[in-house]
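Structure first, then comments.
Both counts, for ligands and for their atoms, begin at 1 and track the order of listing. Everything numeric here is computed off the predicted structure, so don't read it as measured data.
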Amino acid sequence: MSVGYPIDLHTHSLRSDGAYEPTELIERAAARGVTIQALADHDTLAGAAEAIAAGERLGVRVIPSTELNTESQWGDVHVLGYFLDPADAALEDRLRWLRENRGRRIELMVEKLNALGYPVSLERVMAIAKGGSLGRPHLAQALFEAGHVASYDSAFDTLIAKGAEAYVQRIGLTPLEAVQLVVAHGGVPSLAHPFTVVGLEELMPQLVAAGLAGIETYYGSHPPTMTATCLALARRYDLVPTGGSDFHGRGDHGAPLGGTFVPPETIPALEARRGRRAAATMTTAVGGDS
Ligand SMILES: [Zn+2]
Ligand SMILES: [Zn+2]
């Protein structure tokens with residue numbers, strides 16, 4: 001039964017905020033006709049080995065990947081990193097730092113809220129996050145449940161608003177650092193769902209200078225004109241148009257597995273970018289001897 005398209009370069013498992021174990025995710029993808037799939041859990045490659053093993057059994061080529069969230073004034077900038085090595089210890093060190101900071105920030109905000117007389121428990125916030133990376137939305141829900149704010153939304157305007165007493169600044173990579181991290185570890189970076197970026201046209205040349213190699217062009221919930229915008233940017237900056245479902249396994253986020261058409265030439269084009277930066281750096285280092 002093939003009801004999906006064969007290539008899906010953006011999926012999530014329970015190793016971050018998806019709903020299925022990596023094996024089940026690959027099984028579900030295979031059942032829909034997916035043959036090439038990137039597992040791109042947020043800030044981790046922890047599911048890669050399991051997904052690859054499942055893929056070998058089911059005829060799905062799994063590309064070990066991650067999706068990096070970043071902190072900046074540019075809106076939501078997420079960077080996909082393809083062809084990363086799950087055994088790269090130095091990369092894992094950086095990813096662990098990102099994961100710990102994200103959880104630690106919410107812990108600090110819980111401590112501040114308790115000190116300010118708005119008791120919430122970290123356990124409850126973690127339960128709301130269902131094992132995913134902790135964020136302010138989970139805290140807002142806990143504050144609403146505890147009756148400290150009139151609504152979920154109002155938490156963001158009051159107790160945990162940017163600059164409020166209980167607010168803690170986010171710590172993390174900038175968009176440029178995220179691109180550079182992927183390149184430094186031999187991966188191929190692509191800008192995820194570009195419609196969430198604020199100031200895309202201005203940010204693009206900076207990301208490209210940092211080593212960006214792709215732009216997520218085929219994406220289910222893009223506004224209609226966004227695919228054309230992305231294709232134009234891909235041509236202007238010599239980027240590979242990538243795409244995927246952003247499947248999480250819950251109804252409220254992403255398309256079904258294999259639910260977004262991605263052209264087959266995407267895979268060789270992405271492979272051609274592997275190590276290109278490293279080679280360019282080496283050429284520079286030897287001073288153009290050839
Ligand atoms: Zn994302
Ligand atoms: Zn995603």
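The line from OG1 of T196 to NE2 of H222 is 8.5 Å long, rounded to the nearest 0.5 Å.
Counting backbone and side-chain atoms alike, H78 contributes no N/O/S atom closer than 2.8 Å to the Zn ion (ligand 2). Look at H193 and the Zn ion (ligand 1): an N/O/S atom of the residue is under 2.8 Å from the metal. Coordination check, H10 versus the Zn ion (ligand 2): passed, since an N/O/S atom of the residue sits under 2.8 Å.
When you scan the N, O or S atoms of D246 for the one nearest the Zn ion (ligand 2), you land on OD1. The atom name of the N/O/S atom in E67 closest to the Zn ion (ligand 2) is OE1.
Hydrophobic clustering (ILVMFWY, side-chain heavy atoms < 4.5 Å, transitive): W74 and Y219 are in one cluster.
Partner of L68 under the side chain to side chain contact (heavy atoms under 4.5 Å, CB included) criterion, out of L98, L80, V77: L98 alone.
For the residue pair H78/E216, the side-chain donor-acceptor check at 3.5 Å is not satisfied.
A donor-acceptor pair is defined here as one N or O able to donate and one able to accept, closer than 3.5 Å; no such pair exists between the side chain of D246 and the backbone of H10.
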